[in-house]
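Remarks on the structure that follows.
Note that these values count all heavy atoms, side chains included, but never hydrogens, waters or copies made by symmetry. Note that the structure is predicted; figures quoted are calculated from it, not measured.
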Amino acid sequence: MNSNAKAYKWSIIDRVSVAALNFGGNIILARMLTTADFGLLAMIAIFVALAQDISGCGLADGLIQKSKPTDEDYSTVFVFNAAFGLFFGLSFFFGAPLVARFFGHEELTAIMRVLGVCFFFQSMSFVQETRLRKELEMKKICFVRVGATLTAITLGIILASLGFGWWALVSTQILLLLFTFCYCIIATRWFPRIAFSKKSFHDLFGFGIHLAIAYISNVIGKNVNTFLLGKFFTPAASGLYYQGAKLANVPFQVIDQSVNNSFFVVASNESAPDSQRSLIRNMFSMVVGINGALLFLLLVIAGPAIIALYGDKWAESIPLFRILAVAEFLFCLKSFFQAVCKVHASTVFVRNLCIIQVIVQILLLALSIAFFRDILVIVWIQVACEFLSVAVYAVKFKKLTLQPLHSIFAAACRSLGLPVLGAVCAIAAVTAVDSLISLPAIVNCLIIAAVYAVSVIGGGEVSRPAVYVALRNHFRKH
């Protein structure tokens, strides 16, 4: 249990540190660059995300789910990933002119060709990082990711200050993967052999392919909006959506990857069925409570925070950010349910549901483009599809954990009680202050954050819900 606690601790430190660096770097770059600069990257985000997910084919999950993966397993995955990295790098190079003509922006040719280099470096560091995850070496992963992020963002900001525009954004992505590879080699002092086993690949691929299809569906669902906006709207509109999506994604991604990645490893290593079910049930309440606290804080602080940090030119992204925050909250719940399904080897179910979700979403988006051409409608469709998917996963969760649906719903409501209280108190406080005096946006942010924190902590100390007590005891201990 001690090693499990340390795994969660360093995973959280890793994700929070990386998110803070990305957040700070994004603020600086957003003030230095234009909305159109970000819009160009948004147009091809779906291609980049798809290439990154397909190249792994879910084999990392296969390595983690396997009780004792061998060096032959790791080498097989390395060779496979390297081959796919080369394939996608060449695809980006030769397909770039077609994509540029589709969107009507010739700059995309150079952007895509340079980004093709990313896949080579990603494939080189993929296995090392997976091996560290399997061995719960979260401390080493933390140093690798934080060091690579800090180096890449620093160099990206320098390029932006020298007037390189969107090239600074492109270079940041390439440098991140390059330094991740270099630091992985330094941290592990291990490199896989160039060997390929058909048997090993068959075993890992059989488990991972269903998850790979599910991940691809998730990527399409999260990035199809930027694809459509790039085609039917202006680069500036795409940039506003892209920035709103990134702002909403970063904090939730911290929790998702900090908790769910480690949870999957810990739950997979738990062999006793009753203990495993108890672990999963407790983690569900924790996931809802933590993500809910973040969601309601972001909803109430969004307006003044975006103005204070990014400036008035990003004000139109505020309503998009709020809706996308709801979508990210639902995505985190879905990600947790998917982790539970992976623990129980229900990968086919995950695959099928993800495919159905993305098909429904694309059909609804096609109708919205044909009849509305409204960016808010596009975003609400994403929320609706995530909600329906979470509802279906809840039914599957009921069967896997032997927990009644009403009990699952009640646990979720109890976990959200304090966040709702904090949001109501924060809105009331800032409204009362605004009626008396007009304050700068940054001051309103501080008032909202302070009232929200006091309300949540105070309410927790009075009502003592299980999730709050567990988190308080954890932080006091560590």
Side-chain angles (χ1 to χ4, degrees), residues 8 11 15 49-50 52-54 56-66 130 133-134 204-223 249 252-270 276-277 279-292 326-361 382-403 405 408 411-412:
Y8 284 117
S11 184
R15 302 300 172 175
L50 280 173
Q52 290 175 342
D53 269 29
I54 293 174
C57 282
L59 297 183
D61 292 305
L63 288 170
I64 291 174
Q65 199 266 350
K66 191 171 184 177
T130 300
R133 282 182 59 202
K134 177 62 179 176
L204 297 172
F205 188 79
F207 179 85
I209 184 59
H210 304 300
L211 295 176
I213 295 173
Y215 296 156
I216 292 167
S217 300
N218 285 339
V219 166
I220 293 174
K222 294 192 75 169
N223 292 277
N249 174 258
F252 283 104
Q253 189 180 51
V254 171
I255 297 174
D256 180 38
Q257 295 183 350
S258 299
V259 176
N260 285 339
N261 285 354
S262 299
F263 164 73
F264 175 45
V265 179
V266 172
S268 295
N269 291 340
E270 179 58 67
Q276 190 181 74
R277 278 194 290 269
L279 173 67
I280 291 172
R281 290 176 179 177
N282 292 336
M283 185 56 69
F284 171 72
S285 297
M286 197 74 69
V287 167
V288 175
I290 295 173
N291 284 287
V326 176
E328 290 292 340
F329 169 76
L330 293 171
F331 184 85
C332 283
L333 296 188
K334 181 177 74 173
S335 182
F336 170 76
F337 287 138
Q338 288 176 343
V340 174
C341 289
K342 288 192 294 183
V343 171
H344 290 85
S346 297
T347 55
V348 174
F349 175 81
V350 174
R351 178 201 66 189
N352 292 342
L353 184 53
C354 287
I355 292 174
I356 293 171
Q357 179 185 342
V358 77
I359 290 174
V360 171
Q361 183 177 347
Q382 183 175 344
V383 173
C385 291
E386 292 290 359
F387 177 80
L388 292 175
S389 181
V390 167
V392 176
Y393 272 115
V395 176
K396 182 67 173 179
F397 182 76
K398 163 186 174 292
K399 296 179 180 178
L400 294 176
T401 61
L402 305 179
Q403 186 178 10
L405 275 177
I408 297 172

Margin query: For Q276 and H344: C-alpha separation, side-chain torsions, deciding distance, then whether side-chain contact (heavy atoms from CB on, under 4.5 Å) applies.
Written below: CA-CA 10 Å; Q276 190 181 74; H344 290 85; 3.7 Å; yes

Notebook entry, point to check: Would F284 and F397 count as a close aromatic pair, with their ring centres under 6.0 Å?
Noted result: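 Yes; F397 has its ring centre under 6.0 Å from that of F284.
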
Margin query: Between C341 and T347, does the side-chain contact (heavy atoms from CB on, under 4.5 Å) criterion hold? Intermediate values first, please.
Written below: CA-CA 6 Å; C341 289; T347 55; over 6 Å; no

Next item on the list: Might you point out which heavy atoms bring S346 and L400 nearest each other, and give the distance in Å?
Entry: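 That closest heavy-atom pairing would be OG-CD2, 4.2 Å.
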
Checklist line | Closest contact, heavy atoms only, V383 versus A327 | finding: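 Heavy atoms of V383 and A327 come nearest at CG2-CB, 3.8 Å.
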
Next item on the list: In sequence, state the C-alpha distance, the side-chain angles, and the governing distance for I280 and F336, and then conclude on side-chain contact (heavy atoms from CB on, under 4.5 Å).
Entry: CA-CA 10 Å; I280 291 172; F336 170 76; 4.2 Å; yes

Sub-4.5 Å side-chain heavy-atom contact between [X] and [Y]:
X    : Y    : value
L402 : R281 : yes
S217 : R351 : no
Q357 : L388 : no

Notebook entry, point to check: Under the 3.5 angstrom rule, does the side chain of Q361 hit a backbone N or O of G221 as a donor-acceptor pair?
Noted result: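 Checked: pair present.
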
Note to self: With salt bridge (charged side-chain N to carboxylate O under 4.0 Å, His left out) as the rule and sequence neighbours excluded, what pairs involving residues 382-399 come up?
What the structure shows: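 Applying salt bridge (charged side-chain N to carboxylate O under 4.0 Å, His left out) to every pair that reaches into residues 382-399, excluding sequence neighbours, yields K334-E386.
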
Supply the atom-to-atom distance [X] [atom1] to [Y] [atom2], rounded to the nearest 0.5 angstrom.
X    : Y    : atom1 : atom2 : result
I356 : C385 : CD1   : SG    : 12.0 Å
Q382 : L330 : CD    : CG    : 10.0 Å
F337 : K342 : CZ    : NZ    : 14.5 Å

Next item on the list: Could you go through the side-chain contact (heavy atoms from CB on, under 4.5 Å) check for Q253 and C332 one step at a time?
Entry: CA-CA 8 Å; Q253 189 180 51; C332 283; over 6 Å; no

Checklist line | Which residues share a side chain to side chain contact (heavy atoms under 4.5 Å, CB included) with L353, sequence neighbours left out | finding: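 In terms of side chain to side chain contact (heavy atoms under 4.5 Å, CB included), with neighbours along the sequence ignored, L353 is linked to F349, S389, V392, Y393.
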
